[in-house]
Amino acid sequence: MSFRTQIPVIKVHNQIDYESKVLLFGSCFSENISGKLSYFKFQNFSNPFGILFHPIGIENLITNAMNQKKYTEKDIFFHNERWHSFDSHSQLSNASKDELLQNLNAQIVSTNKQLEECSHLIITLGTSWIYRHIESNKIVANCHKIPQKKFLKELLSIDGISSSLEAIISLTKSINPKIEIIFTVSPVRHIKDGFIENSLSKSHLISAIHQVIEPRYNTHYFPSFEIMMDDLRDYRFYNYDMIHPNETAINYIWENFKSTWIHQDSNKIMEQVDTIQKGLAHKPFNANSEQYQSFLKGLKLKISTLKKQNNITF
């Protein structure tokens, strides 16, 4: 008798290997996947404007990057002793106006380059709820703790999300026709919106994604949300806040992603990288001992060999 519901995952064509270049946009769950890719030394570039929760924010970033938008003082504002952009997460906010503009414009250039060169684009959607700044009538990526009375809260319709996703696909493929686009829905629950509202929001995202994906045209869905909700399905797989997946859950979803999207020829290299990473993290009792110095010498040789054979940098 089985006491779990395992979500079937199917291997796809054009998987990720060490020659691939992966670009990731979206909610904090995309940061988890990026973290795994970085740990195993895959080439990846994640969230240049910080965490983006809804499809409009991601569409705006891609549009601005492709148009090589130049951010100026009129695009930013001062609040709580820091300069912010409604297009970016607060992690880019800065006490210096010039530094913020410099960072925003540098990230636009980098994103434009990545969109042209990447082999895989992973987009993790977090919510269908958006906030519209009343004064400017602009849908914002982040409210930056401005009083809520300055915004209108709206729920994107399924058709509205589909239109945004279609724009993302069309824009991206116009400059990179062979790109593989992978959509997923974040398993992080947005409880601040309300329990029912969170379920409604996630259902809109899932329905909209399935209206636009077509594997024949290199657009796909990875069921990270379903793995968390229907396979793991237990509070022991959540952090203390009971909202975010914990490390065990993240590792489990990563293993499912790996079996679907990481080419099996990369497994041996990943094992070697993992051994080196654990070696680098090792804390010796005596850093000056002959044994530890010999260990470091061997580790250095492994890194050098891996770099020469696979062009991997630590």
Side-chain angles (χ1 to χ4, degrees), residues 4-12 16 22-37 46-47 51-59 120-130 155-162 164-166 168-169 180-215 219-239 241-262:
R4 57 184 287 226
T5 306
Q6 191 166 3
I7 306 299
V9 291
I10 303 170
K11 288 186 181 294
V12 295
I16 296 167
V22 185
L23 177 60
L24 302 97
F25 295 135
S27 81
C28 50
F29 189 73
S30 67
E31 301 278 291
N32 299 140
I33 297 298
S34 173
K36 292 294 185 183
L37 291 170
S46 175
N47 278 341
I51 294 167
L52 301 174
F53 296 100
H54 58 73
I56 303 297
I58 297 170
E59 180 191 352
H120 297 76
L121 171 61
I122 301 174
I123 294 177
T124 304
L125 303 179
T127 183
S128 301
W129 290 101
I130 59 168
L155 180 69
L156 291 172
S157 68
I158 295 172
D159 288 342
I161 298 169
S162 295
S164 180
L165 300 184
E166 286 171 350
I168 288 171
I169 294 169
E180 299 281 344
I181 302 178
I182 307 158
F183 291 106
T184 187
V185 172
S186 171
V188 177
R189 300 185 301 157
H190 290 242
I191 299 303
K192 288 183 179 180
D193 291 323
F195 288 92
I196 296 172
E197 290 81 358
N198 174 69
S199 296
L200 181 60
S201 167
K202 299 290 189 184
S203 66
H204 277 211
L205 294 175
I206 294 168
S207 297
I209 290 172
H210 285 283
Q211 285 187 3
V212 302
I213 59 169
E214 177 50 74
T219 52
H220 314 266
Y221 180 70
F222 176 74
S224 57
F225 177 80
E226 290 78 3
I227 292 170
M228 188 72 197
M229 295 295 114
D230 295 315
D231 187 350
L232 299 181
R233 200 178 173 85
D234 193 295
Y235 277 115
R236 65 192 163 124
F237 297 113
Y238 285 87
N239 276 334
D241 61 4
M242 300 300 166
I243 293 174
H244 292 82
N246 63 18
E247 186 176 355
T248 300
I250 291 168
N251 288 338
Y252 182 77
I253 297 172
W254 162 253
E255 288 299 321
N256 279 269
F257 182 84
K258 176 184 168 185
S259 67
T260 304
W261 275 103
I262 304 297

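Note that the numbering runs from 1 along the sequence shown for the chain. Both backbone and side-chain heavy atoms feed into the values below; hydrogens, waters and symmetry mates do not.
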Answer yes or no: is there a side-chain heavy-atom contact under 4.5 Å between [X] and [Y]?
{"X": "Ile122", "Y": "Phe257", "answer": "yes"}
{"X": "Leu37", "Y": "Trp254", "answer": "yes"}
{"X": "Thr219", "Y": "Val212", "answer": "no"}
{"X": "Leu156", "Y": "His204", "answer": "no"}
{"X": "Leu165", "Y": "Ile209", "answer": "yes"}

Gap separating the [atom1] atom of [X] from the [atom2] atom of [Y], nearest 0.5 angstrom:
{"X": "Phe225", "Y": "Asp230", "atom1": "CZ", "atom2": "CG", "result": "7.5 Å"}
{"X": "Asn256", "Y": "Thr260", "atom1": "CG", "atom2": "OG1", "result": "6.5 Å"}
{"X": "Leu52", "Y": "Ser27", "atom1": "CG", "atom2": "OG", "result": "9.5 Å"}
{"X": "Glu226", "Y": "Ile253", "atom1": "CD", "atom2": "CD1", "result": "10.0 Å"}
{"X": "Glu31", "Y": "Leu24", "atom1": "CD", "atom2": "CG", "result": "8.5 Å"}
{"X": "Lys192", "Y": "Thr127", "atom1": "NZ", "atom2": "OG1", "result": "12.5 Å"}

Looking only at heavy atoms, which two atoms of [X] and [Y] are closest? And how far apart?
{"X": "Leu155", "Y": "Ser128", "answer": "CD1-CB, 3.6 Å"}
{"X": "Ala208", "Y": "Ile158", "answer": "CB-O, 3.6 Å"}
{"X": "Ala249", "Y": "Phe237", "answer": "CB-O, 3.4 Å"}
{"X": "Pro55", "Y": "Ile168", "answer": "O-CD1, 4.0 Å"}
{"X": "Asn47", "Y": "Ser30", "answer": "ND2-OG, 3.2 Å"}
{"X": "Phe29", "Y": "Ser186", "answer": "CB-OG, 3.7 Å"}

[X] side chain to [Y] backbone, donor-acceptor under 3.5 Å:
{"X": "Trp129", "Y": "Glu197", "value": "yes"}
{"X": "Ser203", "Y": "Leu200", "value": "yes"}
{"X": "Asn198", "Y": "Ile191", "value": "no"}
{"X": "Ser224", "Y": "Val185", "value": "yes"}
{"X": "Lys202", "Y": "Gly126", "value": "yes"}
{"X": "Arg189", "Y": "Phe195", "value": "no"}
{"X": "Asn246", "Y": "Thr248", "value": "yes"}

### Task
Would you mind telling me which of Leu121, Ile206, Ile213 makes a side-chain contact (heavy atoms from CB on, under 4.5 Å) with Phe183?
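Passing option: Ile213.
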### Message
Applying side chain to side chain contact (heavy atoms under 4.5 Å, CB included) to Cys28 and Val188, what does each step give before you reach the verdict?
### Response
CA-CA 8 Å; Cys28 50; Val188 177; 4.0 Å; yes
#### Entry: Glu247 atom CD, over 12 foreign heavy atoms within 6.0 Å
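Counting other residues, nucleotides and ligands, CD of Glu247 stays at 12 neighbours or fewer.
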### Query
Where do Asp193 and Ser201 land on the side-chain hydrogen bond (donor to acceptor under 3.5 Å, both in side chains) test, with the steps shown first?
CA-CA 9 Å; Asp193 291 323; Ser201 167; 5.6 Å; no
### Message
Among Glu180, Glu214, His120, which residue satisfies the side chain to side chain donor-acceptor pair (under 3.5 Å) criterion with His220?
### Response
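Exactly one option meets the side chain to side chain donor-acceptor pair (under 3.5 Å) with His220, and it is Glu180.
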### Message
Assess the residue pair Thr5 and Arg233 against the criterion (side chain to side chain contact (heavy atoms under 4.5 Å, CB included)); give the C-alpha distance rounded to whole Å, side-chain angles, the decisive distance to 0.1 Å, and a yes or no.
### Response
CA-CA 9 Å; Thr5 306; Arg233 200 178 173 85; 5.7 Å; no
### Task
Could you give me the CA-CA distance, side-chain angles and deciding distance for Ile33 and Phe222, then say whether side chain to side chain contact (heavy atoms under 4.5 Å, CB included) is met?
CA-CA 12 Å; Ile33 297 298; Phe222 176 74; 5.9 Å; no
### Task
Start with the C-alpha gap between Tyr252 and Met228, add the side-chain angles, then the distance that decides, and say whether side chain to side chain contact (heavy atoms under 4.5 Å, CB included) holds.
CA-CA 9 Å; Tyr252 182 77; Met228 188 72 197; over 6 Å; no
